[in-house]
Amino acid sequence: MYTTPIRKGRNPIEHQKRSSQGRRAMEELSELERVRREKMQAIREAGMPPFPHRTHRTHTTQQAIAAFEEAGEDEQIMVAIAGRLRSIRKMGKSTFAHVEDEHGKLQIYLRLDELDEDRMKLFNEYVDLGDFVQAEGTMMRTRSGEITLKIADFSMLAKAITPLPAIKEEVVDGETVVHHAFRDPEARYRQRYVDLAVNEEVREIFRSRARIVTAIREFLDERGFLEVETPILQPIYGGAAARPFTTHHNQLHQDLYLRISFELYLKRLLVGGFERVYEIGRDFRNEGVSYKHNPEFTQIEYYIAYADYNDVMELTEQMVGFIAQQTTGSSKIEYQGQRIDLSPPWKRIQLREALMEFADVDIQDHPTVDSLRKLMLERGHEPRQGSSRGQLIESLLVNYVEPKTIQPCFLYDYPRDISPLAKSKVGDPQTVERFEGFVAGFELCNAFTELNDPFDQEQRFLEMGRDYDVEDEECHPMDEDYLQALRYGLPPCGGFGMGVDRLVMLLTDQANIREVILYPHLRSRE
RNA sequence: GCGCCGUUAGCUCAAUUGGCAGAGCAGGGGCCUUUUAAGCCCAAGGUUACAGGUUCGAUUCCUGUACGGCGCACCA
């Protein structure tokens with residue numbers, strides 16, 4: 001919203017002068033901002049710097065309250081707190097306000113008898129909602145019972161030049177009711193700092209998110225997994241079916257892709273001798289956005305040697321149950337009004353059976369694309385031209401089965417042609433050992449017994465349209481180095497990937513992925 | 001990418017078949033020494049997202065643009 005682009009050829013100092021006097025000149029400021037700038041000047045002239053360098057804080061608001069409660073009502077407890085003013089009630093010769101720091105609020109009480117008259121005037125005339133202040137005094141309890149800091153002195157820590165949205169809170173039967181909130185989603189995402197500053201429940205979502213990521217690490221670290229980091233800038237992208245973002249390295253004259261998954265780099269590490277590895281990081285997919293898709297999103301992938309997709313299923317239900325327990329206190333949660341029990345074991349259904357039950361189709365009766373397409377057309381679907389049999393099956397899964405999967409479940413045994421990195425089932429080359437976990441009507445994770453046969457893998461790549469002849473720009477190149485790695489020997493292994501943002505949605509009861517990403521992608525406003 | 005809906009004061013929202021654009025909170029000036037959605041009095045605050053069109057007259061009707069929300073599509 002407030003950017004000062006530096007133009008080529010302009011002296012930066014000259015530019016700074018111009019920007020401070022230019023567009024945001026006093027006459028163009030809103031009344032609210034003009035008044036605050038004048039107050040800033042006035043407080044400076046009164047000898048109180050509006051942006052001082054040092055803070056004196058002895059207690060957080062919560063520590064101050066705890067100290068008062070421990071010491072007893074008659075004890076004179078001196079504290080100095082720091083935080084942002086979130087409410088002010090002026091009553092002539094006394095003033096009440098709330099100071100908020102990261103973990104709570106404390107009421108402060110300024111009273112002419114206790115405070116120098118000039119100081120009192122300074123507060124009442126020049127201090128605003130949103131300012132950061134430090135305040136020191138003694139703890140007390142008001143007539144209405146609220147633990148309060150009676151102020152002997154205060155000073156400004158950072159003057160707020162732009163006013164925060166006015167939020168009022170009322171406590172009714174122990175519940176906090178918020179009046180006049182800051183709710184416009186666009187404004188909230190574009191100025192997340194304002195959203196966080198005034199909406200405590202938003203801060204809480206991101207605390208939960210941090211706990212969830214910590215719990216993932218705790219679960220895997222305890223089981224001997226090694227956390228690693230692999231390239232985000234990749235010359236050949238792979239590991240998922242998604243369009244990539246492209247970029248370019250100027251000095252190396254090299255086109256690069258932002259990764260769409262970690263898979264191929266992580267499995268190379270198993271070739272190298274690590275047996276259990278994982279990565280938590282960002283993937284980038286150049287596709288549509290929706291309530292469950294952001295162009296960049298956080299993924300957890302792990303690979304475990306000497307294991308197959310059955311082992312991974314067990315680990316998955318244990319992991320998700322553990323994370324829920326650690327972060328919400330229970331493996332039974334409520335999501336968008338539905339009660340969901342994440343405790344293991346989760347229901348397991350073969351994909352074929354699920355389609356029989358929910359879509360009334362036995363895919364074994366339709367071994368060809370044409371046969372399945374004909375059936376879907378009869379049912380009123382219009383599959384996209386050129387869809388493979390596997391893609392048709394996936395479309396049935398997405399439309400009929402996924403919305404029904406409220407309680408957690410695993411669908412397993414997927415079509416080969418949509419799973420080029422998964423190992424075939426013994427005796428059934430058209431089906432692979434792959435599963436997806438579903439909860440609350442959306443896909444949470446995807447996993448399989450990894451394909452470690454270099455000859456089969458090369459064949460799969462060729463079927464996916466990869467080519468050794470990369471002279472054609474349109475042609476997706478063969479990942480020869482990955483095949484080379486497999487030729488050195490990849491131990492039998494299981495692999496797993498899960499969208500962390502979706503897990504956070506589930507565990508914080510949020511219906512939109514943008515609510516769990518601090519800075520979700522939005523179009524620029526020009 | 002397609003469809004539907006939305007955009008009014010710093011924030012949250014009004015505006016009666018098309019007839020001077022309003023309120024609460026915040027902000028400004030007063031009163032008020034235990035308030036807590038503090039209260040009372042006064043004054044102020046707007047290119048109704050943007051650009052066109054229809055009309056004597058448009059926040060309201062039409063077209064387009066931008067951004068957003070929801071749904072669909074896309075998403076090994």
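By convention in this document, chain letters (A, B, ...) are assigned in the order of the sequence lines, proteins followed by strands, and residues within each chain are numbered from 1. Just so you know, these numbers come straight off a predicted model, no measurement behind them.
For A:R259 and A:S261, the side-chain atoms include no donor-acceptor pair closer than 3.5 Å.
The separation between A:I151 atom CD1 and B:U35 atom P is 18 Å, rounded to whole Å. Protein atom CG of A:L164 is 15 Å distant from nucleotide atom C1' of B:U12, rounded to whole Å. Per the geometry, NZ belonging to A:K39 stands 13 Å off P belonging to B:A26, to the nearest Å.
For A:E146, the side-chain atoms get nearest to B:U35 when compared with the rest of B:G10, B:U35, B:U12. Among B:U35, B:A37, B:C11, the nucleotide with an atom closest to any side-chain atom of A:H179 is B:A37. Counting only heavy atoms from C-beta on, A:L522 has its side chain closest to B:G68 among B:C70, B:A26, B:G68. The side chain of A:R523 sits closest to B:G68 out of B:C11, B:U34, B:G68. For A:L32, the listed nucleotide lying nearest its side chain is B:G27; candidates were B:U34, B:A37, B:G27.
Of the two residues contacting RNA chain B, namely A:D184 and A:D128, the nearest-nucleotide position lying further toward the 5' end is that of A:D184.
Residues from residues 108-123 of chain A with heavy atoms under 4.0 angstrom of RNA chain B, sorted by number: A:Y109, A:R111, A:D113.
A salt bridge links A:R141 to A:E73: at least one charged side-chain nitrogen sits closer than 4.0 Å to a carboxylate oxygen.
When both distances must be under 3.5 Å, the Watson-Crick or G-U wobble mate of B:C72 is B:G1. When both distances must be under 3.5 Å, the Watson-Crick or G-U wobble mate of B:G19 is B:C56. For B:A37, there is no paired base (Watson-Crick or G-U wobble, both distances below 3.5 Å).
Pairs of residues two or more places apart, or lying in two chains, never qualify as salt bridge (charged side-chain N to carboxylate O under 4.0 Å, His left out) while including a residue from residues 235-244 of chain A.
OP1 or OP2 of B:C70 sits under 4.0 Å from a side-chain N or O of A:R514. Between A:R190 and B:G68 there is a side-chain polar atom (N or O) within less than 4.0 angstrom of OP1 or OP2. For B:G24, neither phosphate oxygen OP1 nor OP2 lies less than 4.0 angstrom from any side-chain nitrogen or oxygen of A:K168. A sub-4.0 Å separation between OP1 or OP2 of B:U35 and a side-chain N or O of A:K90 is absent.
Counting any heavy atom pair closer than 4.0 Å across all strands shown, A:I167 reaches no nucleic acid atom. No contact: A:R416 has no heavy atom under 4.0 Å from any strand.
The separation of B:A9 from B:G1, taken at their P atoms, amounts to 29 Å, rounded to a whole angstrom. Taking atom C1' on both B:U17 and B:C61, the two are 12 Å apart, rounded to the nearest angstrom.
A:I81 places a side-chain heavy atom less than 4.5 Å from the side chain of A:I108. Annotation: side chain of A:K105 is in contact with side chain of A:E169 (closest heavy-atom distance under 4.5 Å). Considering only heavy atoms from C-beta on, A:I167 comes within 4.5 Å of A:V178 through its side chain.
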Query - Protein proximity profile, nucleotides 71-76 of chain B - base contact B, sugar-phosphate-only contact S, no contact -, cut-off 4.0 Å on heavy atoms - result: S-SBBB
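The ring of A:Y302 has its center no closer than 6.0 angstrom to the ring center of A:Y278. Taking the ring centroids of A:H381 and A:Y400, they lie under the 6.0 Å cut-off.
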